[in-house]
Amino acid sequence: MPDPEVPARSRFPPGFAKISSAALLTTGPLTAGGDAVPSPILRVPAAMVRGPSKNELIESESRPEPTFVNAPEPTKSPLNVVLALLAPTVIVPPRWTSWLVLPVSEANVLSLASTRPPSIRRGPPPVPPRPCASMRDRERSTVALFRIVPGTSAGPTPPSPICNVPALTVVGPLQIVAESIVSLPGPVFTRPPPAPVNQSARQIKGLGRPPCYNFRSMESQYHPRAIEPQVQKRWAETRAFVAPDASPKPKYYCVSMLPYPSGKLHMGHVRNYTINDALYHFMRMKGFNVLMPMGWDAFGLPAENAAMANGVPPGQWTRDNIAYMKKQCQAMGWAIDWTREVATCSPAYYRWNQWFFLRLWEKGVIYKKTGVVNWDPADMTVLANEQVIDGRGWRTGAVVEKREIPMWYMRITQYADELLDSLDGLGWPEQVKQMQRNWIGRSEGVEFTLPYAPETAKRMADGKAGLKVFTTRADTIMGITFAAVAPEHPIATEAAKDNARLAVFIEESRKGGVQEADLATMEKKGMPTGLFVLHPFTGDPVEVWVGNYVLMGYGEGAVMAVPGHDERDFAFAQKYGLEIKPVIDVGGQPYSTGAWQPWYEQHGRNVNSGNYNGLEFQGATDAVAADLTAKGLGAKRIQFRLRDWGISRQRYWGTPIPIVQCAKCGDVGVPDGELPVVLPDNLVPDGSGSPLAKTPSFFETRCPKCDGPARRDTDTMDTFVDSSWYFLRYTCPDAPSMVDERAQYWAPLDMYIGGIEHAILHLLYARFWTKAMRDLGLVKIDEPFSNLLTQGMVLNHIFSRRTDKGGIEYFAPEELDITSDEEGKVQGATAKKDGKPVSYDGIGTMSKSKRNGVDPQDMIERYGADTARFYVMQASPPTDTVLWSDESVEGSFKFLRRLWAMVHDHVSAGIVPRFGSPSPIGPPGSGTWGGEGRDEGLSKELQDLRFKLHKTIEKVADDYGRRMQFNTAIAAVREMLNLYTDLKDHSPVARQVAQEVLEDAVLLLSPIIPHAATALWAELRPGTGLLEQPWPAVDASALVQDTIQLVVQVNGKLRGHLDVPASASKDQIEAMALANDDVQKFVNGQKPKKVVVVPGRLVNIVV
RNA sequence: GCCGGGAUGGCGAAAUUGGUAGACGCACGGGACUCAAAAUCCCGCGGUGGCGACACCAUGCGGGUUCGAUUCCCGCUCCCGGCACCA
């Protein structure tokens, strides 16, 4: 009891004011005058932070040193003190001196906490506080005082243990100095009286603190920093997520697209792997043997770029990144089976790329031909499309050229039909299947030859009869007025020999990169060659043009042009004054050669087409094809848009192609026994061509066939090769073959999760690769991914600036001062480093190269992994594209804290058997666990709560398992818990329902917040483990309803509600609706024209 | 340019098969508690009009189908993803 005689101020240094609630805790020894010892463990509830008021400080720099009653020697104190500020918004301005006042018990356990000490109160003496139970019999309180020494410089991260604590804003570095241990008469702080049993949970919550603390059974506050490492340690010790390769349970194999180890995780990863993790836990609870592995897509361009920038070899950079990101993954608590980790840059992995390459080469599925690449003439090197900005090299600013070089190709087109057909059976999003269909682009058309005119034939002398073209509009063949060829086409080359202007044009056309988007949007230019081919039917001469938009290597590098019915040909013909000849009549719609109209392209009836007049599309096409065949000039053909997959890269950081080039024997495969061809991992590229080609120790070798001197292929494989089968290697990462029987157990994937940006290339290559493996007898599956979830992109703002050279430099948002208009739209920015303006490039995917990724580390450190996981899952559905924002993270943390408090409140009063269905797992010897009560006899309130609970269990299961929409699952649980906290009933049976509600709520949320759920479950069901729990069962008896509410509309507008018996017939409902007052007001005596009754939903009365 | 997707309060979003538009949150405003704050709790929160009961308007824009449209159809605008060497 405080001594009323002692003035409040006498106990504390004068001018103390509360800064914030905080907690203090300890493990290490307290040393006076030194920093408090950092500790990750927090076990104490909110205490006080006290300090002089701001005003006083301004008035007076120096304060009198406090004096204390019975202050012992601090150095002799046996106390272990750890300090942690918990309140999210403690602000300690520079130049303040603040104090932490901590009550401590003699037993070396910090106890107690709480509200305001009576001593600080002004005015009349306070009502004597009730002492805390644990201190009631003590006459004196021991208090530890810590002084927070203010710093002088401002900065967000103080060099003190406090920086490890969530959401502490400290202005200026902090130093914590243990000041004194004092003994005060009576309890220093009080706690509120225990809540009466009939008080609602929300009211209890309203007091801002649990009614009683019992540190031995449960912490009163949510401390993710303490819980998460403990839980993770436990998982690691018990190998909780290591999946057996055989099990009586059905298998469930779920994989996320493996990350590129760019340095740090970003929010897209957090989203991706948290979705996967939630699914992991859900399916495990549903009784499956679940496997969730992880690996690293460790080859690729960024490692080379980093090497160039920092001089660190790609291998080292990559391994360092992997180590860091793996730690982050572990801190996120994802249920990854790390025993199966695969890094694609390890020889043990990529040797199978090489081995498989050789098998496909033997089968003719891999072949060599020339391909077009971006060439930087300044660096004399091949550029990736990403490295070409506006037609120039990103480092040199030099205008990029197209160049043809020999490359290895995979004959994916051989599988085109199967890749198209087997899409139908896949459990993939329809949009992705559609994109793949369009990409494969099967089209039926006619391939034919436009014979060379006699003059041209003489000049060409290439042994060919003419110009081969393909068309899907053979019906318009009579509308051909010219032909166009690529600049590299032999006809163009021939014509340029005596045409200087044409030669210049062809040279000009080489400029610029090879990206389709650029080619499709550039200005279409052309030039006549003066050479002619003949129309296959009329024999009329048709002039051959060179078009910069026609690409060699796509088809035959030549197209027929029908400007009358093709928009691009029309525009080209108009530009160069070429003839436009309409030959199709679309339902009599007008035709004018002056302006393009959309219907010119539609199918219709042939006119102006000689023999084909009057025929419709199909008939005309058939007739044209038949006539061409008769003349030996062509035939119908199926054409695919899909092109063979070029896998050669003139880069260093990739799988070496296992080929030796021998002057005598040509290309020779490296014998299996010599695999892998190991990539030297200590080279540093300089941007001028592949380092491998400059490293004789790598490329100098002997021919395996003739043993003569030979040179290795210094190209490496496309990284899509690595990612085409890694998911099979996970199943058997140590197998002495490419895959073994374990792959047969796990494959195919039951769920594959990754970004929508991979909808076409990666997914198509992996499908192709799987089929190729199947055809070599390595796997038995036709398709790798039975189900697919395509995650939406996480976007962020992009800022860039041109470098002096003409290259491009990207800026991370935190490196900039950004200006926005009133609506919050970004207007511009300046770089912090030099104050110069930076241009805003809009919004785009988070990526390393654009430097706009957001590292989750800060969020994990402030709030813990569960909050980060919860936040990304509750914000939006997985498939939605999201613009990054962390505005409402705080709200997610608060929810977890609230959930913690709810369970704490309940557990503090003692756990009870849950209501309803018997617990499948109970603590040892608890026969009564589970109760046998049913809904009979429950109050309306409890019935409603149980109805809601069991509806929620159903909904959440549906959301997790079928819809994969986690935000609505979380919302449903929150709704249910809101109902729970409003509960007025606190009878014993209500406590049983509460037990049921809290247990199930923890189970429902456990896939998303597994750490917190583990800790909460341990409180609710001591002695049992969360991971062993099955998904909660739905109690059908809780879902029985006798009345249902219908919506009543008049003329489609909501006019009222109607409670009807669940068994009511349509007629009864109609009669009740018509009798309804709200309805009568609007029906206004008119006779209803029609009454629509939708059972279980609504009644609509039409008047 | 072509292919796929998206647009709903100040913000993230919900409405699952054409059936109550805005669940659940964030932010904000008001209140309780406090000397004061933090934390916590309670109330309010699309717009317009009205003291109010309530009425009307409202899901990017313009049309249409329907008893009823965020949802289906037609035509646009803007944004995002992919376009074969970023991964």
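Between the side chains of A:E386 and A:S849, at least one donor N or O lies within less than 3.5 Å of an accepting N or O. Using modelled atom types and a 3.5 Å distance limit, the side chains of A:T413 and A:D644 yield a donor-acceptor pair. Side-chain contact of A:S724 with A:R767: a donor-acceptor pair under 3.5 Å is absent, judged by distance alone.
Here A:P259 lies out of heavy-atom contact (under 4.0 Å) with every strand. Among the protein residues, A:M407 comes within range of the nucleic acid bases, having at least one heavy atom under 4.0 Å from a base atom. No engagement by A:G755 is indicated, since no non-hydrogen atom pair under 4.0 Å with the nucleic acid exists. Among the atoms of the strands shown, only primed sugar atoms or phosphate atoms (P, OP1, OP2) are found under 4.0 Å from some heavy atom of A:R1097. Contacts of A:L1098 with the nucleic acid, taken as non-hydrogen atoms under 4.0 Å apart, include base atoms. Across all strands shown, A:Q431 has heavy atoms under 4.0 Å from sugar-phosphate atoms exclusively, and none from any base. Residue A:L642 is in base contact, counting any heavy-atom pair closer than 4.0 Å across all strands shown. Among the heavy atoms of the strands lying under 4.0 Å from A:R974 are primed sugar atoms or P, OP1, OP2 only; no base atom is included. In this structure, A:T845 reaches the sugar-phosphate backbone alone: every heavy-atom distance under 4.0 Å involves primed, P, OP1 or OP2 atoms, never a base.
As rounded to the nearest Å, B:C24 and B:G9 have C1' atoms that lie 15 Å from one another. One C1' atom belongs to B:A14, the other to B:U59, and the distance between them is 12 Å to the nearest Å. Comparing B:C74 with B:G81, their P atoms sit 26 Å apart, to the nearest whole Å. Between the P atoms of B:G6 and B:G10, the separation comes to 23 Å (whole Å).
Checking B:C85, B:G81, B:G82 against the side-chain heavy atoms of A:I760 singles out B:G82 as nearest. Of all nucleotides listed (B:U16, B:A87, B:C85), B:C85 comes nearest to the side chain of A:R651. In this structure, of B:C80, B:G1, B:A15, it is B:C80 that holds the atom nearest to the side chain of A:T881. Here the side chain of A:R897 is nearest to one of B:U40, B:A13, B:U16, namely B:U40. Nearest nucleotide to the A:N438 side chain, out of B:A13, B:U40, B:G4: B:G4. Across B:G82, B:G19, B:C80, the shortest atom-to-atom separation from the side chain of A:Q1049 is found for B:G19. The side chain of A:N978 lies closest to B:C24, out of B:C86, B:C24, B:C67. With B:C56, B:C85, B:A14 as the choices, the nucleotide that has an atom nearest any side-chain atom of A:N374 turns out to be B:C85. In this structure, the nucleotide among B:C67, B:G81, B:A23 sitting nearest to the side chain of A:V1102 is B:C67. Relative to the side chain of A:M435, the nucleotides B:G81, B:A21, B:C85 differ in distance, and B:G81 lies closest.
When atom types are taken as modelled, the side chain of A:N321 and the backbone of A:P261 share a donor-acceptor pair closer than 3.5 angstrom. A donor-acceptor distance shorter than 3.5 angstrom exists from the side chain of A:E304 to the backbone of A:W653, with no hydrogens or angles considered.
A salt bridge is absent between A:R649 and A:D715: the closest approach of a Lys/Arg side-chain nitrogen to an acidic carboxylate oxygen does not fall below 4.0 angstrom.
Note on A:K951: every side-chain N or O is 4.0 Å or more away from OP1 and OP2 of B:A23. OP1 or OP2 of B:A84 has at least one side-chain nitrogen or oxygen of A:N385 nearer than 4.0 Å.
Relative to the ring axis of A:Y409, A:K369 places its NZ or CZ within 45° and under 6.0 Å from the centre.
Partner assigned to B:U66 is none, using Watson-Crick or G-U wobble distances below 3.5 angstrom.
If you check distances only, the side chain of A:N1100 does reach the base of B:C67 with a donor-acceptor pair under 3.5 Å. Donor-acceptor pairing under 3.5 Å, judged by distance alone, is absent between the side chain of A:R898 and the base of B:U40. Side-chain atoms of A:E890 and base atoms of B:C26 include no donor and acceptor less than 3.5 Å apart. Side chain A:K894 to base B:U40: no donor-acceptor pair is found below 3.5 Å.
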